[in-house]
Novice: 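Below are the C-alpha cells for one structure; questions will follow.
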2 protein chains.
Amino acid sequence: MSALAPIDRDKSLGAHVYDRLKRALMSGAFQPGQKLTVRSVAEDLQVSVTPAREGLNRLIDQGALEMPSAKTILVPVLTVAALKEVATIRRSLEGTAAELATANFGPSDIANLLSLQAELESAMNSGDYRRVLDRNESFHFGVYEKCGMPRLVGLIEAQWLRVGPSLNMLYPEFAVSRRGVSNHMRVLEGLQKRDAQAVRAAFEHDIDDGYATLSAALGKT
Amino acid sequence: MSALAPIDRDKSLGAHVYDRLKRALMSGAFQPGQKLTVRSVAEDLQVSVTPAREGLNRLIDQGALEMPSAKTILVPVLTVAALKEVATIRRSLEGTAAELATANFGPSDIANLLSLQAELESAMNSGDYRRVLDRNESFHFGVYEKCGMPRLVGLIEAQWLRVGPSLNMLYPEFAVSRRGVSNHMRVLEGLQKRDAQAVRAAFEHDIDDGYATLSAALGKT
DNA sequence: TGAAAATTTTTGTTGCATCAAATAACATCC
DNA sequence: GGATGTTATTTGATGCAACAAAAATTTTCA
C-alpha cells in the first residue's frame, strides 16, 4: 500500500482518507483482489485507525471496496454479473443526466468539450492510455455536471468507482478501442443541435461499447 | 430521540445503528429539521459514540441525513428542488428495475402482489395511512427485487430514504391520493401480459403522481 | 432595551488501548 | 503427503478520554 503518501490536515481526516483512496482507486494504484487493512492505510496516510476505518467503510458502503468476511477488505474483482449490473445502472443514470444537461449547454461549454476530446485523441495516438482514461472521464462528467443535479452526479461517480480498478488494470485493451471516439463525436453533434435524445443515445451507445469491450477483456482473465 | 429503544448485540453495532436509524427515518419517527447528535443516538441505543457515529455517517453519506455545518446533523427538510431531483433519479432507476423484473415474474409472484395491493386498499379505506405507506413500499420493492440486481435495488432504497421523513409527515394528504391505485393496477396488468414497457410506464406514472402530490403538499408548508 | 462581547456548554472528531474473532503459521498424526 | 488440530498473529470493532470548534447562554455596555 505504499502507493499512498501522507495527507495534510485541515478538514475531516476521514474525508481526506476517503478522497485519497478514491483517487488511488480510480488511477489504478490498487490491483483488483488486493487486500487493504485499516492499519496499513492509517500508516501510509499517517493518521490513526479511526479516520482510516471511516474512509474505508465509506468506500465499502458504496461498493467501491468489498468486505467478503468480517476481517478482510478487498479491492473488488469485477465479475461479469457485476459489470453488467453497473452497465445497466450507468445507462439509466448517465442517459438521464446527459439528456437533462443538453438544454444547459452553451457554445463555450461545447468548446471545452471539444478541446477535451482533442486531448483524448492525441493521447490515444501517442499511446498514453492513462491520459486517455483521464480525459474520457473529464468528458463524461463535463456533460453530466451540467444537468444541475449533484445527487445524480454523485451516484454516477459511485458507479465509475466500482469499475475503475478493473478498468485501469485492463486499460491498454480498453482504451485502444476507438469506437469511443465516434460516440463522443455524436455527443458533440447532439449538443450543438440541442437534441437531448441524440445526446442520450450517444452516451448509451458509448456505455454499451465500453461494456462489451470490458466484458470481453474480463472473460480472458 | 426517545423514539428509539436499545438494540441487541450480535453483529456489527455500527450496522445495527444504521438499520435502526433507517427504520426510524422511514417510519416517520423523526421530524424533518430535527437535530440528531452522536451522543444522544449512542445513549438511546446504548452503544458508545463510535458505532453511533458510524451509523449516522453512513446515512449522511447517502443523503438520508444532512450535515449543514461541522457540528450539526439534521433530518433533511425536503426542498422542491431536492424532491424533483429524487423523482428524476427514481424514474430512471425504478423504471429500469421494473422493466427488468417483468421477465422474472411467475403466477405466484403476481399473486403475492395482488394480496399486497388488497391490503393497501383496505388500509386506505380504513384510513390507516401508516399501513398504506408500508404496503405501498412492499409493493414497489416486491417488484424491483425481482430484477435480480441488488446494487440497483440498494440505490433505489437510498432514494426512498431521502423522501421518507417528509413523506411520513405529510402522509394523510399524500396517502389519500387514490391515483396510486390505478397505477398499481396497470403494473399488475403489465406483469400478467409480460409487457415490460407497460410495467415501466406504470411505475413512472406512479412516481410522477407521487411527485406532483408531494410537491403540492410541500408548497403549502 | 437591544445589540455585541464574553463565557459556558455542546458536539463531532481523533487517537489509542483493548477485545473477540478470523486468519495464518505451524506442528501432529494417520 | 495430505489432512487435521493447535497455537500465534493479525484484524476490524468498540469504548472512552481529550480536543478544538461551533452553539448556546449569559453578561456587559451604550
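Just so you know, these numbers come straight off a predicted model, no measurement behind them.
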Novice: Report the distance from atom CD of A:Glu66 to atom P of D:dT11, rounded to the nearest whole Å.
Specialist: 19 Å

Novice: What do you reckon, are the aromatic ring centroids of A:His205 and A:His184 less than 6.0 Å apart?
Specialist: no

Novice: For A:Lys11 and C:dG12, what is the distance between atoms NZ and P respectively, to the nearest whole Å?
Specialist: 19 Å

Novice: For B:Glu99 and B:Ala196, which heavy atoms make the closest approach, and how far apart are they?
Specialist: O-CB, 3.5 Å

Novice: Quick one: do A:His140 and A:Trp160 satisfy side chain to side chain contact (heavy atoms under 4.5 Å, CB included)? Show the steps, please.
Specialist: CA-CA 11 Å; A:His140 278 256; A:Trp160 280 62; 3.7 Å; yes

Novice: Using heavy-atom distances to pick each residue's nearest nucleotide on DNA chain C, tell me which of A:Ala70 and A:Ala15 is more 5'.
Specialist: A:Ala15

Novice: Starting from C1' on C:dT11, measure out to CG on B:Leu56 and report it in whole angstrom.
Specialist: 12 Å

Novice: Specify the angle, to 10°, made by the local axes at the two ends of the helix from C:dT1-D:dA30 to C:dC30-D:dG1 when five pairs are taken at each end.
Specialist: 10°

Novice: Give the minimum heavy-atom separation between A:Ser166 and A:Leu78, together with the two atoms involved.
Specialist: OG-CB, 3.4 Å

Novice: Please state how far atom CD in B:Glu43 lies from atom C1' in C:dT11, giving the value in whole angstrom units.
Specialist: 14 Å

Novice: Look at the side chain of B:Arg39 and decide which nucleotide, out of D:dT11, C:dT14, C:dG12, has an atom nearest to it.
Specialist: C:dG12

Novice: Nearest to the side chain of B:Lys71, which nucleotide is it out of D:dA23, C:dT11, C:dA20?
Specialist: C:dT11

Novice: Taking only Lys NZ, Arg NE, NH1 and NH2, and the carboxylate oxygens of Asp or Glu, determine whether B:Arg20 and B:Asp44 approach each other closer than 4.0 Å.
Specialist: no

Novice: Can you tell me which nucleotide in D:dA17, D:dG12, C:dG12 comes closest to the side chain of B:Val38?
Specialist: C:dG12

Novice: Can you check the A:Leu74 CG to C:dA22 P distance for me, whole Å?
Specialist: 16 Å

Novice: Distance check: side-chain N/O of B:Ser69 vs OP1/OP2 of D:dA23, anything under 4.0 Å?
Specialist: yes

Novice: Expressed in angstrom and rounded to an integer, what is the separation of A:Leu65 atom CG from D:dG12 atom C1'?
Specialist: 14 Å

Novice: Less than 4.0 angstrom between a side-chain N/O of B:Thr72 and OP1 or OP2 of D:dA23, yes or no?
Specialist: yes

Novice: Given D:dC16, C:dT23, D:dG12, which nucleotide is nearest the side-chain atoms of A:Arg53?
Specialist: D:dG12

Novice: With A:Arg162 as reference, evaluate A:Val86, A:Leu25, A:Leu167 under the side-chain contact (heavy atoms from CB on, under 4.5 Å) test and give the passing residue.
Specialist: A:Val86

Novice: Which nucleotide in the set C:dG12, D:dA24, C:dT14 lies at the smallest distance from any side-chain heavy atom of B:Lys35?
Specialist: D:dA24

Novice: Would you sort out whether B:Glu54 and B:Tyr18 count as a side-chain hydrogen bond (donor to acceptor under 3.5 Å, both in side chains), showing the intermediate values?
Specialist: CA-CA 8 Å; B:Glu54 182 186 322; B:Tyr18 172 76; over 6 Å; no

Novice: Looking only at the side chain of A:Met67 (C-beta and beyond, no hydrogens), which of the listed nucleotides C:dA24, D:dG15, D:dG12 gets closest?
Specialist: D:dG12

Novice: Using whole Å, what does the distance between atom C1' of nucleotide D:dA22 and atom CD1 of B:Ile73 come to?
Specialist: 13 Å

Novice: Which nucleotide in the list C:dT13, D:dA22, D:dT14 gets nearest to the side chain of B:Thr50?
Specialist: D:dT14

Novice: Report the nucleotide, chosen from C:dT14, D:dG12, D:dG15, that has the shortest atom-to-atom distance to any side-chain atom of A:Ser48.
Specialist: C:dT14

Novice: Where the side chain of B:Ser12 is concerned, which of C:dG12, D:dG15, D:dT14 is the nearest nucleotide?
Specialist: D:dT14

Novice: If only atom types and distance count, is the side chain of A:Asn168 paired as donor or acceptor with the main-chain N or O of A:Met26 below 3.5 Å?
Specialist: yes

Novice: Rounded to the Å, how far apart are B:Leu13 CG and D:dC16 C1'?
Specialist: 15 Å

